Colleague: 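First, the structure itself, so that you have it in front of you.
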There are 2 protein chains.
Amino acid sequence: MNKRTLPRESGPDATRSLILNTALRLFQERGFDQTTMRQIAAEAGMALGAAYYYFPSKDALVMAFYERAQEELGPRLAGVLSSKKIEHRLRALLEVKFEYFKPYRNLLGALSRHTDPQHPLSPFSENTRPIRERDVGFFEAAVEGATFRIPPDLKPHLARVLWLYQMGLVLFWVYDHSPNQERTRQLVEKSLAMVVTLIKLSGLPFMSPVRRRVVELVLTISSG
Amino acid sequence: MNKRTLPRESGPDATRSLILNTALRLFQERGFDQTTMRQIAAEAGMALGAAYYYFPSKDALVMAFYERAQEELGPRLAGVLSSKKIEHRLRALLEVKFEYFKPYRNLLGALSRHTDPQHPLSPFSENTRPIRERDVGFFEAAVEGATFRIPPDLKPHLARVLWLYQMGLVLFWVYDHSPNQERTRQLVEKSLAMVVTLIKLSGLPFMSPVRRRVVELVLTISSG
DNA sequence: GTCTATATGGAGATAGAC
DNA sequence: GTCTATCTCCATATAGAC
């Protein structure tokens, strides 16, 4: 038996979890900037230093949130790619994400400030690369397993572009104040149909030069 | 003679300008977050309270920067729309912007955190609407004055989409660490050609349903 | 290894004297 | 309009109890 399995009701793992959960709750309730390390510690029933013992900074809490999300999302994303239609497969991925992040919508809003790829917490940073790559992997899987003719010159880049598209949708969702995020739902439906149409259109013979330029564009953007 | 013309070497307008210029210089040199109101006041040769007399908050300095930029950019943007080719017209607008903002590239990076449309300093906020609308107006002018067939159903939305496209380019530029932002230059050239091609392609007769969907998409996004 | 209590130093902002 | 003095609050560091 492995001693270090699930967090018990006491012990270091449980304390760590308790702090993280408390922090996430407060971030969501009061906003990220308005929540102080003092409040987190107090609400978790311990002294300030104790929280700092487990998380050396407020940003470390955010990083732990990213990692936990990636861990918990993995199986769910993998388990939802059953259809063969690309549109269904992509929609399934999106639905899992929205569902999972729903309790953290406000928090994600606060975190979306990290546009600088140099910042460790940016979705484009070196620091978050492992998380990002695993995530892109699910879009690769969505593309791979679909019965859908993809122009071969586009194929190597498609997953990454779709991942970026998905980031855009999440950003829109985070700031969507319509009831139950109805506008995002519409945007997903309309943009998804459009994305699929565009890929299909791009496969037309006379589109070959356009495809080449798109690929060049993608390379320019991602070569940094 | 109007008494309130240009800032003199002394007087309230001069003091205000001095504070703003000092702040912008420090923001650029040391970073926005690392620069304190104390440093700004000290560097401008006055007490902290004096700086707060002119600018009630650090964000007020940012807003003043936005307003000044809009004012100074206006004539330059208007003066550069001489060609009749849409591609040249758009490139001209972009060049003026990059040129003007070059000394503030670092600062813009720090400001790009304001993704929340609710935040007053966001480029999408209610607060910055007048600035934004005037800016969109230059893209309308760029489209209007071009000898270029634009599908009539796209036309009402094109300027706003191009404005958004331009915001994306600026964001890329802000974080482009290639020498002399060479990658941005490439991105501009390639994406500009692509944008023009796409608009042309969208005018083909059988593209009518695609156009309709694009318009729907734009409406969904901007209806908030 | 885990945690409490306390100290440090700096930030944005303000009140009220001059 | 400009200043000094001060308020309030924070992230973070550390000393040392258990």
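Computed over heavy atoms, backbone and side chain alike; hydrogens, waters and symmetry mates excluded. What you see is a predicted model, and the numbers here were worked out from it, not measured in a lab. The chains referred to below are lettered A, B, ... by the order of the sequence lines, with proteins before strands, and numbering in each begins at 1.
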Colleague: With respect to the side chain of B:Tyr52, which nucleotide from D:dT12, C:dT14, C:dC3 is positioned closest?
Modeller: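 Between D:dT12, C:dT14, C:dC3, the one nearest the side chain of B:Tyr52 would be C:dT14.
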Colleague: Mapping A:Gly49 and A:Thr35 onto DNA chain D by nearest heavy atom, which one lands closer to the 5' end?
Modeller: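 Checking each residue's closest nucleotide, the 5'-ward one belongs to A:Thr35.
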Colleague: B:Leu61 CG to C:dA13 C1': how many Å, rounded?
Modeller: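 B:Leu61 atom CG is separated from C:dA13 atom C1' by 14 Å.
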Colleague: Using whole Å, report how far CD1 of B:Ile40 lies from P of C:dA13.
Modeller: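 For the pair B:Ile40 CD1 and C:dA13 P, the rounded distance is 11 Å.
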Colleague: In whole angstroms, how far is the P atom of C:dC3 from the CG atom of A:Leu18?
Modeller: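 One finds 10 Å between P of C:dC3 and CG of A:Leu18, rounded.
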Colleague: Output yes when A:Arg25 and A:Glu43 qualify as a salt bridge under the 4.0 Å nitrogen-oxygen rule, no when they do not.
Modeller: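 The answer is yes: the pair qualifies as a salt bridge.
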Colleague: Any salt bridge between A:Arg134 and A:Glu140, counting N to O under 4.0 Å?
Modeller: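 A:Glu140 and A:Arg134: not salt-bridged.
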Colleague: Do B:Phe65 and B:Tyr104 have ring centres separated by under 6.0 Å?
Modeller: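 That pair passes the under 6.0 Å test.
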Colleague: Heavy atoms only, 4.0 Å cut-off, all strands: where does B:Tyr54 land among base, sugar-phosphate and nothing?
Modeller: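 Result for B:Tyr54 = sugar-phosphate.
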Colleague: Could you state the CG-P distance from B:Leu48 to C:dA13, rounded to the nearest angstrom?
Modeller: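 That distance rounds to 10 Å.
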Colleague: Between A:Arg38 and B:Lys58, who's closer to the 5' end of DNA chain C by nearest nucleotide?
Modeller: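 Residue closer to the 5' terminus by nearest nucleotide: A:Arg38.
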Colleague: Under a plain distance cut-off of 3.5 Å, with no hydrogens placed, do A:Glu72 and A:Tyr100 share a side-chain donor-acceptor pair?
Modeller: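 Checked: A:Tyr100/A:Glu72 side chains pair up, N/O donor to acceptor below 3.5 Å.
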Colleague: Atom CG of A:Asp33 and atom C1' of D:dA11: how far apart are they, to the nearest Å?
Modeller: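 Rounded to whole Å, this separation is 13 Å.
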Colleague: Rounding to an integer number of Å, can you tell me how far B:Ile19 CD1 sits from D:dT2 C1'?
Modeller: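 Taking atom C1' of D:dT2 as the reference, CD1 of B:Ile19 is at 10 Å.
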Colleague: OP1, OP2 of C:dC3 versus side-chain N and O of A:Tyr53: anything below 4.0 Å?
Modeller: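 No.
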Colleague: Roughly how many Å is it from CE in A:Met37 to P in C:dT6, rounded to a whole number?
Modeller: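 Checked: the CE to P distance equals 20 Å.
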Colleague: Ignoring hydrogens, what is the shortest heavy-atom contact between B:Arg113 and A:Thr115? Give both atom names and the distance.
Modeller: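 Result for this residue pair: N-OG1, 4.2 Å.
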Colleague: Rounded to the nearest angstrom, tell me the gap between atom CZ in B:Phe55 and atom P in C:dG12.
Modeller: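 About 15 Å, once rounded to whole Å.
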Colleague: Could you check which of C:dG12, C:dT4, D:dC3 has an atom nearest any side-chain atom of A:Ala47?
Modeller: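 Nucleotide nearest to A:Ala47's side chain: C:dT4.
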Colleague: With a 4.0 Å cutoff (strictly under), does any side-chain N or O of A:Thr36 reach OP1 or OP2 of D:dC9?
Modeller: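 No, no such contact exists.
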Colleague: Among the nucleotides D:dT12, D:dT4, D:dT2, which one has an atom lying closest to any side-chain atom of B:Thr15?
Modeller: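 Closest nucleotide to the B:Thr15 side chain: D:dT2.
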